[in-house]
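Note that this is a predicted model, so its numbers are computed, not measured.
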Amino acid sequence: MHDPQRKGEAFRALHAGEPFVIPNPWDAGSARVLEALGFKAVASTSSGFAFTQGRLDGDVTLDQVVQHAEALDRVIGLPVSIDLEHGYGRDPEHVARAIDRVAAAGAVGGSIEDNDPRDGIYEISHAVDRIAAAADTAHALAFPFTLTARAENHIRGNPDLDDTIARLQAFEAAGADVLFAPGLRTGEEIRRVCTAVSKPVNVLALRGMSMTEIVDAGAQRISVGGGLTWIAVNAMAGAARGILAGDLSVLEASPPLKDWFA
């Protein structure tokens, strides 16, 4: 399955075509199911992957994420983009190293946030330097690698749309291929972002939003973050509570894995 040139070209082409959904598997098995169901690319979820390690979001290492990237790449024929959180270090060289390592593992895309897990949102000039370093590394690779720059304001307690837009515009100028502000909730917010930049915009789908609203507002790519992970985990926990109480009626037959994993 490892073919970064083909996967990189396919991923780049998706961003130039019709708007598309990029689902977020949490492990190799869920990635295979999503491929079998007909999706055209996948992106990892940091929170979902952390769950598979028995950890909270933000509490995994770059080494673990690189292994995760390799596992996803080797098991499916789809392009894989990796959630690199803040790049596993404050400085631009840390971000560049993270891009280089997941690219070597088979990823053809990756996202970098402008938020430090300890210190909060980076000052904009430093955030831009980090995206510039990531872009330089990504675009120097021997195959197409799509870099997504994330402005974290809206999920980090600072829902300042003007500042978010200014950051995304600066990240675009620094070389990002896709722009992403998780936490936008209305068509008007999405539209303001999409009309303010010229690169494709990823939108995180949230309950209460509609696909039509997101696409009509100008989004090119729609992701679900940890959403699929939590659907699966909540279903498992609910069934387990029933079993603990003595109810075995919650047990179900295996899904069509022979078809999905053919």
Side-chain angles (χ1 to χ4, degrees), residues 1-4 6-8 10-11 14 19-85 98 101-103 105-111 113 146 148 150 155 178 180 182 202-207 209 211 214 221-241 243 250-262:
M1 299 289 188
H2 181 63
D3 188 350
R6 177 187 63 79
K7 291 183 178 182
F11 198 39
L14 283 172
F20 67 101
V21 176
I22 186 167
N24 306 94
W26 58 94
D27 62 6
S30 58
R32 292 198 69 181
V33 171
L34 293 169
E35 180 179 37
L37 293 177
F39 290 96
K40 301 302 183 184
V42 302
S44 73
T45 158
S46 64
S47 60
F49 173 60
F51 170 79
T52 70
Q53 306 300 299
R55 297 178 178 275
L56 295 175
D57 195 12
D59 195 24
V60 297
T61 67
L62 178 57
D63 286 342
Q64 290 172 311
V65 170
V66 170
Q67 291 172 358
H68 181 46
E70 184 172 9
L72 294 180
D73 171 64
R74 299 308 191 270
V75 80
I76 59 174
L78 303 181
V80 174
S81 184
I82 295 296
D83 182 345
L84 288 169
E85 301 182 70
R101 290 197 60 193
V102 296
V108 295
S111 63
E113 303 171 0
T146 300
T148 298
R150 293 177 46 149
I155 59 171
V178 177
F180 184 15
N202 183 96
V203 168
L204 175 66
L206 300 169
R207 175 174 283 190
M209 302 170 75
M211 198 73 72
I214 295 170
R221 193 174 83 186
I222 301 152
S223 59
V224 297
L228 289 175
T229 310
W230 310 137
I231 290 170
V233 172
N234 283 327
M236 181 272 289
R241 290 189 190 99
I243 292 169
V250 298
L251 294 172
E252 297 184 5
S254 172
L257 293 181
K258 289 184 178 180
D259 295 331
W260 291 343
F261 289 4

### Task
Report, as yes or no, whether the 6.0 Å neighbourhood of atom CE on M1 holds more than 12 heavy atoms from other residues, nucleotides or ligands.
yes
### Message
Quick check for you: to the nearest 0.5 Å, what is the distance between D57 atom CG and F49 atom CZ?
### Response
11.5 Å
### Task
Determine whether I243 and V250 make a side-chain contact, defined as any pair of heavy atoms from C-beta on separated by less than 4.5 Å.
yes
### Message
Checking L34 against L228 for the side chain to side chain contact (heavy atoms under 4.5 Å, CB included) test, could you report, in this order, the C-alpha distance in whole Å, the side-chain angles of both residues, the deciding distance, and whether it holds?
### Response
CA-CA 11 Å; L34 293 169; L228 289 175; 4.1 Å; yes
### Query
Between CD of E113 and CZ of F180, what distance do you get to the nearest 0.5 Å?
9.0 Å
### Task
In sequence, state the C-alpha distance, the side-chain angles, and the governing distance for K7 and D73, and then conclude on side chain to side chain contact (heavy atoms under 4.5 Å, CB included).
CA-CA 10 Å; K7 291 183 178 182; D73 171 64; 2.7 Å; yes
### Task
Could you pull out the closest heavy-atom pair between P79 and F11, with the gap in Å?
CB-CB, 3.7 Å
### Query
Distance-only, no hydrogens or angles: does the R32 side chain make a donor-acceptor pair with backbone N or O of L72 under 3.5 Å?
no
### Task
Could you tell me which residues satisfy side-chain hydrogen bond (donor to acceptor under 3.5 Å, both in side chains) with S30, sequence neighbours excluded, listed by chain and number?
D27
## Note on the structure
Of all heavy-atom pairs linking A41 and L14, the shortest is CB-CD1, 3.8 Å
### Spacing of H2 atom NE2 and E70 atom CD [to the nearest 0.5 Å]
8.5 Å
### Task
Run the numbers on K40 and V21 for side chain to side chain contact (heavy atoms under 4.5 Å, CB included), then give the verdict.
CA-CA 8 Å; K40 301 302 183 184; V21 176; over 6 Å; no
### Query
Of the non-hydrogen atoms in V42 and P25, which two are nearest, and what is the gap between them?
CB-CD, 3.7 Å
### Query
Can you tell me how far OG of S223 sits from CG of L204, rounded to the nearest 0.5 angstrom?
5.0 Å
### Message
Show the nearest heavy-atom pair for residues W260 and V33, with the distance to one decimal.
### Response
CE3-CG2, 3.6 Å
### Query
Counting distance only, does the side-chain N/O of R55 pair as donor-acceptor with the main-chain N or O of V60 below 3.5 Å?
no
### Task
Evaluate whether atom CG of L56 has more than 12 neighbouring non-hydrogen atoms of other residues, nucleotides or ligands under 6.0 angstrom away.
no
### Message
If you define the side chain from C-beta out and look only at heavy atoms, does anything of V80 sit under 4.5 Å from I82?
### Response
yes
## Note on the structure
Rounded to the nearest 0.5 angstrom, the CD1-OG1 distance for I22 and T148 is 8.0 Å
### Task
Would you indicate whether the side-chain heavy atoms of F20 and I222 approach each other to under 4.5 Å?
no
Could you pull out all donor-acceptor pairs under 3.5 Å where a side-chain atom in residues 229-237 meets a protein atom, sequence neighbours excluded?
| residue | atom | partner | partner atom | Å |
| --- | --- | --- | --- | --- |
| W230 | NE1 | G226 | O | 3.3 |
| N234 | ND2 | W230 | O | 3.0 |

#### Entry: Between D83 and S46: side-chain donor-acceptor atoms closer than 3.5 Å
yes
### Message
Between R221 and V203, is the side chain to side chain contact (heavy atoms under 4.5 Å, CB included) condition met? List the steps.
### Response
CA-CA 6 Å; R221 193 174 83 186; V203 168; over 6 Å; no
### Query
Atom CG in L62, atom CD in Q67: separation rounded to 0.5 Å?
10.0 Å
### Query
Looking only at heavy atoms, which two atoms of I155 and P182 are closest? And how far apart?
CG2-O, 3.5 Å
### Query
Can you name the side-chain hydrogen bond (donor to acceptor under 3.5 Å, both in side chains) partners of R241, sequence neighbours left out?
none
### Query
Side chains of R101 and D63: closer than 4.5 Å at any heavy-atom pair?
yes
### Query
Can you name the closest pair of heavy atoms from A105 and V66 and give their distance?
CB-O, 3.7 Å
